[in-house]
Amino acid sequence: QVQVVESGGGLVQAGGSLRLSCATSGLTFDDYFMAWFRQAPGKEREGLSCISWSGEHTYYTDSVKGRFTISRDNAKNTLYLQMNSLKPEDTAMYYCAAGLGCISNTYAVRLASVNYWGQGTQVTVSS
């Protein structure tokens, strides 16, 4: 059975860093494009970053570009998100997803289709 499990969230002060992990099993990991999303209470889900199956292409939404870095380790079937210079506005539930491909434009980053979602990990940034 497919499992997608995020970890690494927590409480951090503004300006601090966190590294999120997304461990997967039951799927052929390197067949999938992977992405990170987040959702704050009362707000729409926001695509943050997407990475190709080989890791050679990455995409970021403007609000996190330069602060967040997406990466993957196909040998470990794991996706990562390094988050630096965190702001209170980054407070949200962060989700990992596996899908068909990355779509990125001036306004948004997302997957062309989502096959699997994780349960999420909470990130809270205090001022």
Roughly how far apart are [X] [atom1] and [Y] [atom2], rounded to 0.5 Å?
| X | Y | atom1 | atom2 | answer |
| --- | --- | --- | --- | --- |
| Arg110 | Glu46 | CZ | CD | 14.0 Å |
| Leu18 | Leu11 | CG | CG | 9.0 Å |
| Ser7 | Leu20 | OG | CG | 8.0 Å |

Within the structure provided, determine whether [X] and [Y] are in side-chain contact (heavy-atom separation under 4.5 Å).
| X | Y | value |
| --- | --- | --- |
| Ser17 | Gln82 | yes |
| Glu6 | Tyr95 | yes |
| Tyr32 | Asn115 | yes |
| Thr91 | Leu86 | no |
| Cys50 | Leu111 | yes |
| His57 | Ile51 | no |
| Cys102 | Val109 | no |

Is it the case that the side chain of [X] and the backbone of [Y] share a donor-acceptor pair, with hydrogens and angles ignored and the cut-off at 3.5 Å?
| X | Y | answer |
| --- | --- | --- |
| Tyr60 | Ile70 | yes |
| Thr121 | Gly9 | yes |
| Thr78 | Ala23 | no |
| Ser63 | Thr61 | no |

TODO: Please say whether more than 12 non-hydrogen atoms of neighbouring residues, nucleotides or ligands are located less than 6.0 Å from CD in Gln119.
DONE: no
Open item on the list: Please check if the number of heavy atoms outside Gln122 that lie under 6.0 Å from its CD is greater than 12.
Closed with: yes
Task: Ring centroid separation Phe37 to Trp117 under 6.0 Å - done: yes
Open item on the list: Quick check with a 6.0 Å cut-off and a 45 degree axis cone: is Arg19 positioned over the face of Tyr80's six-membered ring?
Closed with: yes
Task: Over-ring placement of Arg72 relative to Phe29, 6.0 Å and 45° cut-offs - done: yes
Task: Side-chain donor-acceptor contact under 3.5 Å, Asn77 with Thr24 - done: no
Task: Exercise: identify the closest heavy-atom pair between Ala92 and Arg38 - done: CB-CB, 3.9 Å
